[in-house]
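Before any comments, here is the structure.
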Amino acid sequence: FLLTPGNPKWKQTDLTYRITNYTPQLSEADVDAAIEKAFQVWSGASPLTFTKILQGEADINIAFVQRDHGDNSPFDGPNGILAHAFQPGQGIGGDAHFDAEETWTKTSENYNLFLVAAHEFGHSLGLSHSSDPGALMYPNYAFNEPSTYALPQDDINGIQAIYGPSDNPIQPTGPTTPTACDPRLTFDAITTLRGEILFFKDKYFFRRHPQLRSVELNFISLFWPSLPTGIQAAYEDPYRDLVYLFKGNQYWALNGYDIQQDYPKHISNYGFPSSVQAIDAAVSYRTKTYFFVNNQFWRYDNERQSMDPDYPKSIASTFQGIESRVDAVFQQNDFFLFFSGPIYYAFDLNGNRVTRVDRSIRWLNC
Amino acid sequence: FPVSSESQQEKNLEVVQNYLQKFYHLPRNSYAFERKNSASVIVQKLKEMQQFFGLNVTGKPNEETLEMMQKPRCGVPDHAE
């Protein structure tokens, strides 16, 4: 995080705000709700309180304006610059302006007013931009599901550096952004996708392209806004050009960016017993799909569309050398790459043995 | 017909200058612009931006840099003057 140079801050912690005009694209009630929720993001992590006033001069004035609007920082029409805000201080200090020519929404459609407002109020309180791509104060817009939004740890650290800890006896904590070459990095799920490899972690996924050196970190919501975070298992069915993602007892089918109709479905569709309520890892190979749960695995026949008989079996008995619980697995060149904690095991499906053990982050070119 | 490369380059340069002026305090007005905006200042500001976004710090408007500059964002500069 970065504090605004000169460390401007509000002397008082009980601040007022006023919405001086509204956008026609949302009802006033929706704007009020988005703004209120955006302030709650910061009050939940600090001693600050925010009260809405309807008249008079508020500390933080909120307005929808366009193009040149008299503050020497003109807006630029749809997209580009979405909004800006001023550091704490008198007059224009603390005020937040939203580009009236943007499309403001309360959904995953660009641009979600709650998320942009929460970012701008960070400036109103004394924060500058963070270089942490997962932080709220990162300069670029990135959709995150508002209903489950949690202020990232980087932003909590920033606001508390200015105003001190929250009055809440239980100090809030937030998600941290995975860094590709952190040797402790573990993965939630891994799948191939049309020649690329996607490594899922919390609300992110690393995207590795066979021809590119650098590995991209993206929000899951960037590609699939309606998917939950914390994907637990994933596999690609290359014959159907589908990727299946699992969380709890639900699963989704994706075709590229599109989530297939009528999903999520219940994993009992695969024929799991009711005792199985979540899957650790999954991988498809030729006409079979393997599901790993604790120390056992099931084998599903993609053509008969049913579980093979005599399963589950113990993982260790079939995949010798894979002794610990499997976090994630994918298939490449007749190898199963098993990931458990920060380690991966290359299991040769022809030789039926582990031929390599190394750090998981090797797959992120570290 | 294929866009001639120099007009694409001019376009890219415009995107870069516009972005750096807005968010990295590249001087705007003409005198300061000519005097101060010799290539080295633009390269230095470009490196600052690439550093901030964790891109390869090349000082050149490569594809990943131009792509980052096109993303919708907040209007507050990334580096305070």
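Since the structure is predicted, the reported quantities are computational estimates derived from the model, not experimental observations. All chains are named by letter (A, B, ...) in the order of the sequence lines, taking the proteins before the strands, and each is independently numbered beginning at 1.
Checked against a 6.0 Å centroid threshold, the rings of A/Phe121 and A/Phe39 count as neighbours. A ring-centre distance under 6.0 Å is found for A/Phe223 and A/Phe205. In summary, the aromatic rings of B/His79 and A/His129 are positioned with their centroids too far apart to meet the 6.0 Å limit.
Only the side chain of A/Tyr138 comes within less than 4.5 Å of a heavy atom of chain B; its backbone N, CA, C and O stay farther away. Using a 4.5 Å cut-off between heavy atoms, A/Glu120 contacts chain B through its side chain alone, with no backbone atom that close. Only the backbone of A/Ala85 comes within less than 4.5 Å of a heavy atom of chain B; no side-chain atom from C-beta onward does. Of the two parts of A/Phe86, neither the backbone nor the side chain holds a non-hydrogen atom closer than 4.5 Å to a non-hydrogen atom of chain B. Both the backbone and the side chain of B/Met68 come within contact range of chain A, each with at least one heavy atom under 4.5 Å from a heavy atom of that chain. With a threshold of 4.5 angstrom between heavy atoms, A/Ser130 approaches chain B through N, CA, C or O but not through any side-chain atom. Only the side chain of A/Asp76 comes within less than 4.5 Å of a heavy atom of chain B; its backbone N, CA, C and O stay farther away.
The aromatic rings of A/Phe187 and A/Phe199 sit tilted, their planes meeting at an angle between 30° and 60°. Using a 30° and 60° split on the angle between ring planes, A/Tyr149 and A/Phe114 fall in the perpendicular class, above 60°.
Evaluated for a ring-ring contact (aromatic ring centres under 6.0 Å, His included) with A/Phe64, the options A/Phe75, A/Phe98, A/Tyr22 yield exactly one hit, A/Phe98.
Interface summary for chain B: among A/Val116, A/Asp132, A/Ile81, the most heavy-atom pairs under 4.5 angstrom belong to A/Ile81.
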